[in-house]
Amino acid sequence: MKSVLLNAAPRALTRRAAAKALRTGGRIPAVIYGRQVPSQNLEVNAKEMEDLIHHSVSENILVDLTIKEDARPKRLALVQEVQHNPLTGKVLHVDFHEVAENEKVIVLVPVETVGEAEGVKTEGGVLEHVLFKVRVRGLPKDLPEQITVDVSHLKIGQAIHLGELKVPANCELVGDKQIPIIAVAAPRTEEEEAAEAAAAAEAVPGEVEMIKEKREEGEEGAPPAKGAEKGAEKAPAKGAEKGAEKAVPGAEKKAPAGAEKKPAAGAEKKAAPAAERKK
């Protein structure tokens with residue numbers, strides 16, 4: 001990986017307003033940190049940084065930082081993270097990770113494919129890119145910017161694994177060497193697609209019926225909930241009890257009154273002659 005020259009300067013102001021004023025003046029706030037050195041706030045030229053990012057082959061960018069008026073003016077660093085404005089796409093902040101020339105580091109390297117797989121071209125297969133980045137360990141200047149893989153020989157059912165990737169001599173791949181990176185899968189038949197669609201269609205009504213059954217159980221056959229039981233126990237309200245108490249005395253007053261009423265005098269006189277006549 002080739003290093004690129006980039007000028008930087010120490011940054012004293014760190015608040016949000018100061019960073020906004022810095023961007024307005026065509027500068028970008030940055031920070032550099034490392035394992036054996038304390039972090040330091042920097043500022044870089046916005047145009048130089050954006051041109052560096054746009055012309056890079058991959059996200060891994062190795063820079064030779066020249067820091068003005070600093071005790072250590074020359075530093076080797078990797079661009080660790082770049083923050084962009086989600087609306088304009090302009091660079092808002094940059095993180096640099098300082099590294100040593102003689103110390104190995106691990107970075108994520110993108111994997112690019114070349115050619116058209118035979119299984120895709122002649123057999124109708126599907127090329128599956130399982131992993132787009134792999135971990136590579138090596139000295140900063142020996143690390144590859146990307147790994148290129150020729151897939152033209154792949155047939156259906158074949159794959160390229162991590163251990164088969166080619167990297168520079170002084171670098172090594174990190175991870176399980178049997179992990180597939182690129183593979184060619186067989187195309188799915190119309191019957192398989194129809195079966196999957198039918199299974200997906202059947203799964204949805206089943207869920208709806210289950211919910212419906214639960215609702216029906218709750219409405220008709222399901223035992224009352226705790227809240228309902230408590231409500232049933234508290235059903236007779238105070239007003240209803242008072243009404244019941246008032247209703248009882250009233251009924252008692254009417255019942256004796258109707259029961260103690262004696263037949264009228266005229267009714268007794270009429271009943272007596274009728275009895276005598278029958279005799």
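Predicted model only: the values in this text are computed from it and were never measured. One-based numbering along the sequence shown.
- Rounding to the nearest 0.5 Å places CG of N45 at 7.5 Å from CD1 of I28.
- Partners of A21 according to the side-chain contact (heavy atoms from CB on, under 4.5 Å) rule, which considers only residues two or more places apart in sequence or in another chain, do not exist here.
- Side-chain contact between V105 and L143: present, with at least one pair of heavy atoms (C-beta onward) separated by less than 4.5 Å.
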Side-chain donor-acceptor contacts of residues 146-169 below 3.5 Å, not counting sequence neighbours, with atom names and distances?
| from | atom 1 | to | atom 2 | distance (Å) |
| --- | --- | --- | --- | --- |
| D150 | OD1 | S152 | N | 3.1 |
| D150 | OD1 | S152 | OG | 3.0 |
| D150 | OD2 | S152 | OG | 3.4 |
| Q158 | OE1 | K155 | N | 2.9 |
| H161 | ND1 | E164 | OE2 | 3.2 |

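- Using a 4.5 Å heavy-atom cutoff, the side chains of F96 and V79 are in contact.
- Partners of Q36 by side chain to side chain donor-acceptor pair (under 3.5 Å), not counting sequence neighbours: none found.
- Of the possible polar contacts, none joining the D176 side chain to the I179 backbone as a donor-acceptor pair under 3.5 Å is found.
- When the shell of 6.0 Å around NZ of K2 is examined, it contains 12 or fewer heavy atoms from other residues, nucleotides or ligands.
- Using a 4.5 Å cut-off between side-chain heavy atoms of Ile, Leu, Val, Met, Phe, Trp and Tyr, with links allowed through other members, L173 and I181 fall into the same hydrophobic cluster.
- The distance from atom NE2 of H97 to atom CG of L62, rounded to the nearest 0.5 Å, is 12.0 Å.
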Return a table of donor-acceptor pairs under 3.5 angstrom between the side chains of residues 87-95 and protein atoms on other chains or two or more places apart.
| from | atom 1 | to | atom 2 | distance (Å) |
| --- | --- | --- | --- | --- |
| T88 | OG1 | K90 | N | 3.4 |
| H93 | ND1 | D95 | OD1 | 3.1 |

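- Counting Ile, Leu, Val, Met, Phe, Trp and Tyr side chains that sit under 4.5 Å apart, directly or through other members, L139 stands alone, with no cluster partners.
- In this structure the side chain of V130 never reaches within 4.5 angstrom of the side chain of I182, judged on heavy atoms.
- At least one donor-acceptor pair closer than 3.5 Å links the side chain of N60 to the backbone N or O of L108.
- Evaluation of the ring pair (Phe, Tyr, Trp, His ring centres under 6.0 Å) test over residues 114-134, restricted to residues two or more places apart or in two chains, returns H129-F132.
- When only modelled atom types and interatomic distance are considered, R75 and Q40 share a side-chain donor-acceptor pair under 3.5 Å.
- Distance check, rounded to the nearest 0.5 Å: CD of Q80 to CD1 of I61 gives 12.0 Å.
- The minimum heavy-atom distance between V136 and C171, with the atom names listed, is CG1-CB, 3.8 Å.
- Residue V63 is grouped with residue V82 when hydrophobic side chains (ILVMFWY) are merged at heavy-atom distances under 4.5 angstrom, including chains of intermediate members.
- A single hydrophobic cluster is not seen to contain both V31 and L22; linkage of ILVMFWY side chains at heavy-atom distances under 4.5 Å, directly or through other members, places them apart.
- Under the 4.5 Å side-chain criterion, counting only non-hydrogen atoms from C-beta, L6 is not in contact with T66.
- Under a 4.5 Å side-chain heavy-atom criterion applied to ILVMFWY residues, the cluster that includes V174 comprises I106 as well.
- The hydrophobic clustering, which links ILVMFWY residues whose side-chain heavy atoms are closer than 4.5 Å, places L78 and V134 together.
- Residues satisfying the side chain to side chain donor-acceptor pair (under 3.5 Å) criterion with S56, sequence neighbours excluded, are absent altogether.
- The shortest side-chain heavy-atom distance between S39 and I32 does not fall under the 4.5 Å cut-off.
- The salt bridge (Lys or Arg N to Asp or Glu O under 4.0 Å) contacts involving residues 55-64 comprise E59-K133, where partners must be two or more places apart or lie in separate chains.
- By the 4.5 Å heavy-atom criterion applied to side chains, M49 and L52 are counted as neighbours.
- Considering only heavy atoms from C-beta on, P140 stays 4.5 Å or farther from M1 through its side chain.
- The salt bridge (Lys or Arg N to Asp or Glu O under 4.0 Å) contacts involving residues 11-30 comprise R27-E43, where partners must be two or more places apart or lie in separate chains.
- Listed by first then second residue, pairs satisfying salt bridge (Lys or Arg N to Asp or Glu O under 4.0 Å) with a partner in residues 110-132 number zero, not counting sequence neighbours.
- Residue pairs meeting the ring pair (Phe, Tyr, Trp, His ring centres under 6.0 Å) criterion with at least one member in residues 39-68: none, sequence neighbours excluded.
- L127 is connected to L131 through a chain of hydrophobic side-chain contacts under 4.5 Å among Ile, Leu, Val, Met, Phe, Trp and Tyr, so both are in one cluster.
- The existence of a salt bridge linking R35 and E103 is confirmed by a sub-4.0 Å separation between a basic side-chain nitrogen and an acidic carboxylate oxygen.
- If you take CG on L42 and CG on L65, they are separated by 7.0 Å, rounding to the nearest 0.5 Å.
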Verdict with reasoning, V107 to R137, per side chain to side chain contact (heavy atoms under 4.5 Å, CB included): CA-CA 7 Å; V107 296; R137 181 192 287 113; over 6 Å; no

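- Between E145 and V109, every side-chain heavy-atom pair lies at or beyond the 4.5 Å cut-off.
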When you look at K141 and S3, which way does the side chain to side chain contact (heavy atoms under 4.5 Å, CB included) test go after all the steps? CA-CA 7 Å; K141 293 189 176 181; S3 60; 4.2 Å; yes

